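Since the structure comes first, as structure tokens, the remarks are kept for the end.
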Amino acid sequence: MAGLSFENYQRNQFLSSRTNGTPKATSTGTTIVGVKFNGGVVIAADTRSTQGPIVANKNCAKLHRMAPRIWCAGAGTAADTEEVTKLVGSNLELHSLYAGRAPRVVSALQMLKQHLFKYQGHVGAYLIVAGVDPTGAHLFSIHAHGSTDVGFYQSLGSGSLAAMAVLEANWKPELTKEEAMTLAADAIEAGIWNDLGSGSNVDLCVMEVGKDAAYLRNHRTPNVREPKQQSYKFARGTTGILSQRVLDVCQVEEQVVDVEA
Amino acid sequence: MTSIGTGYDLSNSVFSPDGRNFQVEYAVKAVENGATSIGIKFDDGIVLAVEKLVTSKLLVPGKNMKIQTIDRHIGCAYSGLLPDGRHLVNRGREEAASFKKMYAEPIPIPALADRLGQYVQAHTLYNSVRPFGISAIFGGVDENGPHLYLLEPSGTYWGYKGAATGKGRQSAKAELEKLISKRPNLNARESVLEAARIIYLAHEDNREKEFELEMSWCSISETNGLHKSIPKDLFDEAVAFAKKENDEENSDSDDSGDDSDGSDSGEKKDAEGDLQLE
Amino acid sequence: MNGIQVDINGLKRGEVNLGTSIMAVTFKDGVILGADSRTTTGAYIANRVTDKLTRVHEKIWCCRSGSAADTQAVADIVQYYLDLYTTQFGEPSTKAAASIFKSLCYENKDNLTAGIIVAGYDDKNKGEVYSIPLGGSIHKQPYAIAGSGSTFIYGYCDKNFKDNMAKDEAIDFIKHSLSQAIKWDGSSGGVIRMVVLTAEGAERLIFYPDDYEQL
């Protein structure tokens, strides 16, 4: 048949009429933040991933490494944040190998925004990009349509409003590293407690000028599960045995071979 | 032409062992036999002049224009294979139009020279094409003032104060050099007269053939920066001036013997700038 | 959408919007660009200190309104073209820059939500302002206003603009105009940013709400 085929469209229409709509992608209904401090930048994220009203993963990782000293926090469609970060990350490595110098945060930013703009928002990645390079420490945010913002502090995701409230209340110029880490983690906690889409733990990544990035997985764990009051294991013999039959489903033959000879 | 017949002149895309591209050199030959074209740059513009050989009594005098307009502010004259020239001008018009579409302003003449140079050069690289059999003199006025360029079959282009090409280029160039060193601050109308005189002078070696003069100019003061043909009164004045000057020159040279007329046979006098084939 | 009227609410779902008040004004020594600093996603202010004044060449800048992603992408491409232009032909004119903006906005009008004001200074033409609204047309003006907030200040600007103002006078004119635009437009707010383009180069200015609200 010449021309375009629309049979998949018809199939999808049929399928969605017979089921509860088309399958939904896993969304990281997330809280992510980034905060600059004197001599570096820190980014943080919660660790809940959701599929609609269901928690898909209680301890997922939303902090992605794009280069050894450029990290990225992702909100939006989980698969998209993962893939776009990996793709640009590897192009960034090729670029730094070619140029013979450490990759720059602005390069990561430009590559990400051009990729996302090309896909007109269909790649649903909302990112906070941060890192240190030969020109200093940088912090940016990117929306799925390809727009970028600069700032001393950023927040993104469904919990960004709760996080921004904390950032706006407690941010001040000339933060130290420790103050920035606390502020970022506090902002994420605000998301964890007040946003339904966010929850579980706080991941953190600290990037300091001239130092290796420190990835602090589960920096805070405010949601450790209590041990259960009772054991739900059934004791042996709870169920009565009416009859018993044992089958040999496998016959084993062994042969000893002398290998010395 | 010692290397003729060694096979290296058959293809454009092959060098001869001593690093020459014969097809380009043959193209130069086509130019050297063409009718003379000259250009003069003056304080606020340029003038172009060509010798138009009358190949038939049936041709309409004063028509059949050889000088063409590339853009409103750029004119072009050329010697050699005329259809090649028309093709080059066509390309120039496309480049000028594309520049204007993109940037909403007329193309700077150095930019046009560069684009045409690249286009001509590309025709020296491939087996499937032949080089341009013309040397083009083009110029005009842009926001940086007047420009005059000579573009050769190799793709080489240089900016000139005065340029000449075609059969009568030797004497024309000698005359241009004298003119520019003696009178460096020519104005538009003086340049038109001188251009006419030089074409008439360059035609002397070819005097058995009938010819017609064609001239155009582009100047801030005279044409408001547009490329236009010379108005009839000035043109007639220039022709009269050219005829008078050349008559005087001829009677002078009768006295002083061989002075400035054709030394094309010349082994001794070899004008610089010409590609030498021998 | 009927072909003549373009859908001005054509933003894609969740797209970041520059619900903006922007303007550019020629004055005696050159041109001044001005903008508020609010970026919104729906009802949320995604950035309260946005920089909507974007450099595309040393002394050619633009004010962006519409979709943040679209206008940033367009400005990036124009910056690239002007870089290329500079190496090939030397310093570009403001008109040439505006022409590139126009081509991109016009050729891609179906996919863009971009209202841009281009302003620049060059020694030959001095300060110039070109307005490029949604359809991709181009208008040379002594001053231009755009963005959602501009509707509230058409009258004010028309009454108060003067040709060949002094620098301080022009800054005051912009500050008063944008102050009113911000006051009446909910999608505009934050600080007022300005860029002054003269023979001396580009100078940045910033005015905080405390400065301009009680004018």
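Below, read A as the first sequence line, B as the second, and so on, with proteins coming before strands; counting in each chain starts at 1. For clarity, every value in this text was computed on a predicted model and none was experimentally measured.
For B/K161, the NZ atom sits in a loose shell: 12 or fewer heavy atoms of surrounding residues, nucleotides or ligands are nearer than 6.0 Å. Other residues, nucleotides and ligands place no more than 12 heavy atoms under 6.0 Å from the CZ atom of B/R86. The environment of CD in C/E58 is sparse: at most 12 heavy-atom neighbours from other residues, nucleotides or ligands sit within 6.0 Å. Dense packing is recorded around NZ of C/K175, with more than 12 heavy atoms of other residues, nucleotides or ligands lying under 6.0 Å away.
Here B/E105 pairs with C/Y85, C/S93 under the side-chain hydrogen bond (donor to acceptor under 3.5 Å, both in side chains) rule; sequence neighbours left out.
Near-neighbour residues of residues 95-103 of chain C relative to chain B, defined by a heavy atom under 4.5 Å from a heavy atom of that chain, comprise C/K95, C/A96, C/S99, C/I100, C/S103.
Once rounded to the nearest 0.5 Å, the distance linking CZ of C/F89 with CG of B/D114 reads 8.0 Å.
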Please evaluate residues C/Y81 and B/Y103 with respect to the criterion ring pair (Phe, Tyr, Trp, His ring centres under 6.0 Å), reporting the C-alpha separation (whole Å), side-chain torsions for both, the decisive distance (0.1 Å), and the verdict. CA-CA 10 Å; C/Y81 274 121; B/Y103 303 111; 7.8 Å; no
